[in-house]
Amino acid sequence: LYLFIIWEKSRNKTDEILQDLKRNYLIRDVYEIKWSNEKFLNNLRRFYGKSLPDVKVKAELCGTGPFLIIIISDLKPRYNIIENKFEDDLVNSNIDQSKKKYRRWIGKEFTVHSSISDNETNHNLTLLFGKNTIDFEKELSRSWDGSIKKREIDLAGANGWKNMEELLYVMNGTVNYVILRNFEGMPTKFDYHDVDLLVVEDKLPYIVNKDFSPPRDNPRAIRFEVGNKKIVFNPNYLGDNYYDERWEVDILKRRTLHHNEFYIPSKIDYFYTLLYHVTFHKRWKKVGKISDKYKELLVNLGKESNIEEITATTLNDIDHAKKIVDTYMKKMSYRYTDTFQYKLQHSEFKRLIKSAIYIGKTEGTHVLIMAIIRKIIK
């Protein structure tokens, strides 16, 4: 399942694009979407995230009136593998070529949007309609009947979040994330002011609809409201060296879906990341002991994971607790992120080179050059 968006200023080519889509794919449904005037720019910003350098330029290019969303199925997909540091993505080259062809017809870049992978389709549908691919397809026609369904809706969360269930559902369809700890009472009872996450991409601030006004303290913190509660997300992005990058990748790949429908670490990862957190992260180093709350949690996790050496007594000895972490990390070939060798191998320069290669492969040379120029100016 994929989608094409024909923005308002490109709709003069609608008939030609629809005819071409009919020849090459199975059209499932067509929608005309109208975003509210006051939220149009923010909808665009949230939809494209950090990849959109100037939302006003994009709005001028695309127009701010009603646009078409065409849902299609490709019965003969051709896949290319795009490598990235988390996991390889399967990109449908048929869809990508069609998108580029339609842009040539219109005569300007970025005048037609399409999702080119399952992940992107899920992201787009979840934001546009508030339903992930699985739930959206339950109500989707097998074949388009020729009528255009009109909807006046903004992106999910544009008017705030009713509750955590709604927010977590949208996050599940748009972001690769894990809530690292203190999630036992979620989605109703938890520490709203300190939700620590591990996240692959930097989409999260846009998904939750963060206020991007100048931050008062920690610029990484994401402050927003759910219902009448103020929430603070503290994201740690893949490659930020919160844990060894290889461990971060494994945590995300081994994540499990909590019975309340949000992603958490596997039992083993939860145990060792928490033990690492309370023994090696700077804030906890100063304390010099494990809190009773985390001690009880670690003992229970140790029992569930058959780690016999974990008791309340052994956790009273912080040096012994560190040895337990050290043994596990050596076994898994994970490294400490505060060593000189690790910092040298994970420098900002190396990260920028990796990002440049990824952008060049997925977005093209022109977008890469513009990204480099913006980075130099910044």
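As the structure is a prediction and not an experimental result, all values here were calculated from the model.
K99 and D96 are joined by a salt bridge, as a carboxylate oxygen and a charged side-chain nitrogen come within less than 4.0 angstrom of each other. The pair K101-D20 meets the salt-bridge criterion, since a charged nitrogen lies less than 4.0 angstrom from a carboxylate oxygen. With respect to E152 and K34, no salt bridge is recorded, no charged nitrogen being found less than 4.0 Å from a carboxylate O. Look at K50 and D202 and you find a salt bridge, because one of the NZ, NE, NH1 or NH2 atoms lies within 4.0 Å of a carboxylate O, short of that distance. A salt bridge is defined here as a Lys NZ or Arg NE, NH1 or NH2 lying under 4.0 Å from an Asp or Glu carboxylate O, and K323 with E309 fails to meet this definition. Ion pairing between E137 and K131 fails under the 4.0 Å rule for side-chain N and carboxylate O.
For an aromatic pair to be called close, the ring centres must be under 6.0 Å apart, and F129 with Y31 satisfies this. The distance between the ring centers of W161 and F224 does not fall below 6.0 angstrom. Separation of the Y206 and Y48 ring centroids does not fall under the 6.0 Å cut-off. Between Y243 and H281, the distance from one ring center to the other falls under 6.0 angstrom. A ring-centre distance under 6.0 Å is not found for Y237 and Y242. Aromatic pair Y263/H258: ring centres not closer than 6.0 Å. Ring-centre distance between F47 and H113: below the 6.0 Å cut-off. Taking the centre of each ring, Y272 and W247 stay at or above the 6.0 Å mark.
Between F40 and W7, the angle of the ring planes goes over 60°, which puts this pair in the perpendicular group of the 30/60° scheme. Ring orientation note: the planes of F4 and Y25 are tilted relative to one another, at an angle of 30° to 60°.
N132 places no side-chain N or O within 3.5 Å of a backbone atom of N172 that could act as its donor or acceptor partner. With hydrogens and angles disregarded, a donor-acceptor distance shorter than 3.5 Å links the side chain of T337 to the backbone of N241. Not one N or O on the side chain of R223 forms a donor-acceptor pair closer than 3.5 Å with the backbone of K210. With hydrogens and angles ignored, the 3.5 Å screen pairs no side-chain donor or acceptor of S305 with any backbone N or O of G302. Judged by distance alone, with hydrogens and angles left aside, the side-chain atoms of N94 form a donor-acceptor pair with the main-chain N or O of K76 at under 3.5 Å. The closest donor-acceptor contact from the side chain of E120 to the backbone of I116 lies under 3.5 Å. A donor-acceptor pair is defined here as one N or O able to donate and one able to accept, closer than 3.5 Å; no such pair exists between the side chain of E32 and the backbone of K149.
Nearest heavy-atom pair, V199 versus L197, reported as atom, atom and distance to 0.1 Å: CG2-CB, 4.0 Å.
Between the side chains of R28 and S141, not a single donor N or O lies within less than 3.5 Å of an accepting N or O. Looking at N182 and K293, their side chains do bring a donor and an acceptor atom within 3.5 Å of each other. Looking at T121 and D118, their side chains never bring a donor and an acceptor atom within 3.5 Å of each other. Defined by atom type and a distance below 3.5 Å, a donor-acceptor pair is missing between the side-chain atoms of D154 and N159.
One distance of note links CZ of R246 with OH of Y334; it measures 9.0 Å at 0.5 Å rounding.
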Item checked: ring pair (Phe, Tyr, Trp, His ring centres under 6.0 Å) evaluation trace for Y328 with F271 -> CA-CA 11 Å; Y328 177 73; F271 174 81; 8.5 Å; no
Note to self: Please evaluate residues L44 and W35 with respect to the criterion side chain to side chain contact (heavy atoms under 4.5 Å, CB included), reporting the C-alpha separation (whole Å), side-chain torsions for both, the decisive distance (0.1 Å), and the verdict.
What the structure shows: CA-CA 10 Å; L44 265 186; W35 286 343; 4.1 Å; yes
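D292 is linked by a salt bridge (charged side-chain N to carboxylate O under 4.0 Å, His left out) to K295, counting only residues two or more places apart in sequence or in another chain. Legend: residues meeting side-chain contact (heavy atoms from CB on, under 4.5 Å) with K9, ordered by chain and number and at least two apart, are E60.
Enclosure of atom NZ in K58 by more than 12 non-hydrogen atoms of other residues, nucleotides or ligands within 6.0 angstrom is indicated. Annotation for K108: atom NZ does not count as buried by contact number, only 12 or fewer foreign heavy atoms lying within 6.0 Å. More than 12 heavy atoms of other shown residues, nucleotides or ligands fall within 6.0 angstrom of atom CG in L257.
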